[in-house]
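The analysis underlying the following values was restricted to heavy atoms, covering all of them including side chains, and did not include hydrogens, waters or symmetry mates. To find a chain, count down the sequence lines: A is the first, B the second, and so on, and within it residues start at 1.
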Amino acid sequence: MLNKWKPFSFLAKPHVCSLLSSLTFFKPSVSVARLVEEEPFLSHSPKDPVSEILSGLKKMGFRRFLAGDYFRNVVLSLDQLQVDKIINSLRVESPDFAVVFFDLMRNEYRFRHSRFSRFIVAHVLAGQRRHEELRFVVEQMLKEEGSGSAPSLCELLLNGFRDWDQKSLVWDMLAFVYSRFEMVHDALYVLAKMKDLKLRASILTYNSLLYNLRHAYIMWDVYNEIKVAGATQSKQTNSIVIDGLCSQSKLQDAVSFLRETEAKGLGPSVVSLNTIMSRYCKLGFTDVAKSFFCMMLKYGLLPDAYSYNILIHGLCIAGSMEEALEFTSDMEKHGVEPDIVTYNILMKGFDLLGQMGGAWMVIQRMLDKGLNPDVVTYLMLICGHCQNGNVKEGLKLQEEMLSRGFQLSTLSYSVLLSSLCKIGQVHEALVLFYEMENHGVEPDHITYSILIHGLCKQGEVQSALLLYKEMWSKSIPPNSYSSGAILLSLCKNGMVSEARMYLDSLVMNDCAHDIVLYNIMIDGYVKHGNLEEAVVLYRLITEKGITPTTVTFNSLIYGFCKRRNFTEARRLMETIRLLGLEPTAVTYTTLMNAYCKDGNLRCMLELLQEMHANGIRPTHVTYTVIIKGLCKQRKLQEAVQLLEDMRIKGLNPDQVTYNTIIQCFCKARNIKTAFKLLNEMWLNNLKPTPVTYSILINGLCVYGNLKDANKLLIYLHEQNIKLTRVGYTQIIKAHCVKGDVHCAFMFFHLMMEMGFEISIKDYTAVINRLCKRCLMTEAQQFFSIMLFHGISPDQEICEALLDAYQQCGDIISGYQMLALTVKAGLLPRR
DNA sequence: GTAGGGTTAG
């Protein structure tokens with residue numbers, strides 16, 4: 001576009017035309033001069049503030065005039081055009097004043113300068129080699145202009161400033177700042193124009209651009225351009241290339257590049273070696289990283305704090321805290337002081353190992369050294385509190401950060417939001433989310449993921465989808481975490497085919513590379529009994545070249561176990577190993593649970609042995625399964641013993657563990673111990689679930705005293721504690737059997753009140769039992785309630801009533817029932 | 001230009 005530039009075409013714009021009229025010192029070519037003379041509005045009236053100001057400045061002196069009344073009165077009415085005229089006039093007579101006037105207008109009067117003025121001042125500053133100020137002016141301009149502004153700015157530079165001195169520096173700064181602001185396309189555009197004008201870009205600009213493009217192959221285009229342009233490569237250039245290769249996972253290429261540059265006489269820099277060390281550490285190859293550390297020493301380079309911190313971090317991640325501490329002392333011995341980063345790394349290391357004592361020691365040492373905790377330290381402390389379930393303390397720390405003047409970060413908000421979601425306080429999380437925005441902290445894709453997950457877990461898929469859309473509207477691309485949450489939620493709510501449609505849409509948009517998404521879908525299929533689809537999807541992903549994980553197999557194993565297909569389940573377990581993966585505690589527990597259900601306790605215990613042999617720690621779920629097995633064999637004492645063992649091993653029994661063992665004692669008619677265990681749950685801060693109470697109610701109904709069951713249920717109702725559906729139907733059933741229709745009625749009503757949907761099956765169960773005892777009035781009453789609630793009778797229920805009327809000898813009611821049956825279109829079979 | 005901190009599935 002700019003190549004087709006027409007000389008002076010810009011003069012067509014009145015703004016520029018009238019500007020030229022005031023450029024006393026501007027020496028336009030003849031044609032411009034003529035053009036200008038022909039303009040009728042060029043001669044200004046004597047009251048023109050521009051002339052007044054310019055002459056005032058000359059007569060009174062610069063500073064006096066600007067502080068005077070005339071200027072103060074007129075300044076607020078000045079427009080961009082007038083200011084342009086003043087600045088341009090000043091530029092020629094005294095460039096320093098042009099800059100001072102420019103700054104004064106911007107800083108004192110919040111005046112928004114035109115691009116023209118900014119470029120004038122930029123050229124002045126470039127001429128005086130005032131690089132910092134030049135950069136500032138260009139930064140301000142590009143912040144306001146935004147991305148995509150390069151073509152119009154270049155056009156202005158080409159047309160208005162073509163022959164100006166120092167234009168090269170201004171062009172270069174423009175490209176540099178565009179690159180720094182990550183407006184890469186604009187930077188490239190400016191560079192292309194510079195090439196046309198045969199202007200050289202500085203190595204700083206090239207380096208910045210190289211840095212922005214280091215994640216992709218296009219990096220080499222820039223690198224070659226540097227060579228072609230003949231710009232002097234700096235050590236930085238090489239370390240950026242190395243960093244780029246590392247980030248592209250081309251570690252070998254990075255090392256080769258290091259060798260090449262070494263051969264060319266540019267020895268390796270500390271930064272390059274640090275970058276490579278960091279990469280090896282992240283891959284878990286601490287030893288290789290150490291060898292590069294040695295190489296550094298061999299070259300006579302002095303490792304800096306980065307070098308030490310990188311290695312210490314690698315060691316901490318690997319769990320080698322002793323060595324990490326040794327390196328820290330080494331660091332001190334060699335005159336490199338451990339800094340806040342070092343201490344944060346060590347703290348995290350101890351934290352990962354669960355050694356809080358160590359973490360406190362690190363904090364103490366840090367404080368002794370006079371170092372103050374920074375945002376990262378605070379974040380880790382907040383994390384610690386949140387992991388212990390103490391969100392309140394975390395929020396307090398965040399307050400403390402604010403009072404100490406720290407800028408709150410998206411990260412610390414994420415931690416707090418995640419903890420609130422985990423304890424089910426999603427609405428509190430949403431409140432905090434809005435507060436976060438009020439504090440000017442922008443949520444990112446992780447923040448959104450956390451909230452979407454939280455909402456989905458609470459079943460609020462609609463709200464989650466709204467947030468999902470909000471993400472899109474903010475151009476924050478959803479990652480597999482947020483998509484996974486939606487997918488999981490659809491599966492959990494039984495909308496499996498919808499989930500699949502969603503997954504397919506992700507595939508269509510090329511957003512489904514993460515195995516986690518497929519794992520969720522496969523599990524969804526399996527949990528809803530569709531093992532076949534799960535297997536088809538598994539085959540599909542392997543054909544696509546997506547590597548399955550142990551989790552993928554765990555779901556499939558669960559599916560085959562549910563079908564009691566042990567052969568296939570075990571074959572899949574072997575496949576895990578064949579693929580070089582490791583079965584996890586979940587794999588073993590799934591299989592053990594299946595054997596336990598099947599009554600094959602020998603196989604179950606063999607698997608436990610195998611687990612131990614392979615060094616896989618059983619979880620509290622594993623123990624629960626074993627306890628269930630022991631219960632099945634009526635080895636109650638051993639089960640209780642195992643409950644103790646769990647605690648000793650630091651595994652906390654959960655509600656399911658207790659429910660299992662309580663049920664076992666109920667079945668053994670040992671109701672007393674069952675209640676003792678309920679008490680133990682409270683003592684261990686475990687809130688009994690609706691299942692726990694239902695098991696106890698059932699126990700009392702079947703093996704104990706029905707009156708006690710009544711008492712317990714009424715008590716729970718008063719405490720507003722809900723039972724499961726089975727809990728209610730059990731007690732209703734028991735009262736029907738005993739013929740206490742009054743109580744049955746009462747609990748039936750209670751069940752409805754608690755919001756359970758009552759199906760025809762529930763009515764049938766009650767009516768059948770009443771019919772058996774010829775309690776026909778009561779049976780009829782239940783039947784009427786059913787009709788009242790809009791449930792149509794079916795064949796089974798009608799026949800039961802017809803039979804009962806006949807058996808119990810109530811012929812008239814029997815005929816009435818027959819009429820109703822026929823009316824309902826349900827002809828009796830006989 | 002290089003170091004430390006946050007989210008998910010069974």
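Of the options Tyr481(A), Phe433(A), Trp472(A), a ring-ring contact (aromatic ring centres under 6.0 Å, His included) to Tyr448(A) is made by Phe433(A) and by none of the others.
Heavy atoms of Asp514(A) sit nowhere under 4.0 angstrom from any nucleic acid atom. Residue Ser409(A) is classed as a base contact, given a heavy-atom separation below 4.0 Å to a base. Using a 4.0 Å heavy-atom distance criterion, Thr447(A) is classed as a base contact. Among the atoms of the strands shown, none is found under 4.0 Å from any heavy atom of Asn207(A).
In this structure, Leu379(A) atom CG and dT7(B) atom P are separated by 9 Å, rounded to whole Å. In this structure, the CD1 atom of Ile486(A) is 13 Å from the C1' atom of dT8(B), given to the nearest Å. Atoms CG (Asn519(A)) and C1' (dA9(B)) sit 6 Å apart, rounded to a whole Å. Residue His620(A) contributes atom NE2, which lies 13 Å from atom P of dG10(B) at whole-angstrom precision. At whole-Å resolution of the value, NZ in Lys290(A) and P in dA3(B) are 20 Å apart. Following rounding to the nearest Å, Met296(A) (CE) and dA3(B) (P) show an atom-to-atom distance of 13 Å. In this structure, Asp304(A) places its CG atom 8 Å from C1' of dT2(B), rounding to the nearest Å.
With hydrogens and angles ignored, no donor-acceptor pair closer than 3.5 Å exists between the side chain of Thr275(A) and the base of dG1(B). In terms of polar N and O atoms assigned as donor or acceptor, the side chain of Ser414(A) comes within less than 3.5 Å of the base of dG6(B) in a complementary pairing. Interface remark: the Asp444(A) side chain does form a donor-acceptor pair with the dG6(B) base, using a distance-only criterion of under 3.5 Å.
Under the 3.5 Å distance criterion, the side-chain polar atoms of Ser208(A) are left unmatched by any main-chain donor or acceptor of Leu204(A). Side-chain atoms of Ser505(A) come within 3.5 Å of backbone atoms of Tyr502(A) as a donor-acceptor pair (strictly under, hydrogens ignored).
In this model, the phosphate group of dA9(B) is approached by a side-chain N or O of Lys457(A) to a distance below 4.0 Å at OP1 or OP2. In this structure, Arg180(A) reaches the dG1(B) phosphate: one of its side-chain N or O atoms is under 4.0 Å from OP1 or OP2. OP1 or OP2 of dT2(B) has at least one side-chain nitrogen or oxygen of Tyr211(A) nearer than 4.0 Å. Between dA9(B) and Lys527(A), no contact under 4.0 Å exists linking OP1 or OP2 to a side-chain N or O.
Considering only heavy atoms from C-beta on, Leu352(A) comes within 4.5 Å of Lys348(A) through its side chain. Considering only heavy atoms from C-beta on, Tyr378(A) comes within 4.5 Å of Leu397(A) through its side chain.
A salt bridge does not link Arg563(A) to Glu568(A): none of the charged nitrogens lies less than 4.0 Å from a carboxylate oxygen.
In this structure, of dG10(B), dG6(B), dT2(B), it is dG10(B) that holds the atom nearest to the side chain of Asp523(A). Among the nucleotides dT2(B), dG10(B), dG6(B), the one closest to any side-chain atom of Asn274(A) is dT2(B). Comparing atom distances between the Asp339(A) side chain and each of dA3(B), dA9(B), dT2(B) picks out dA3(B) as nearest.
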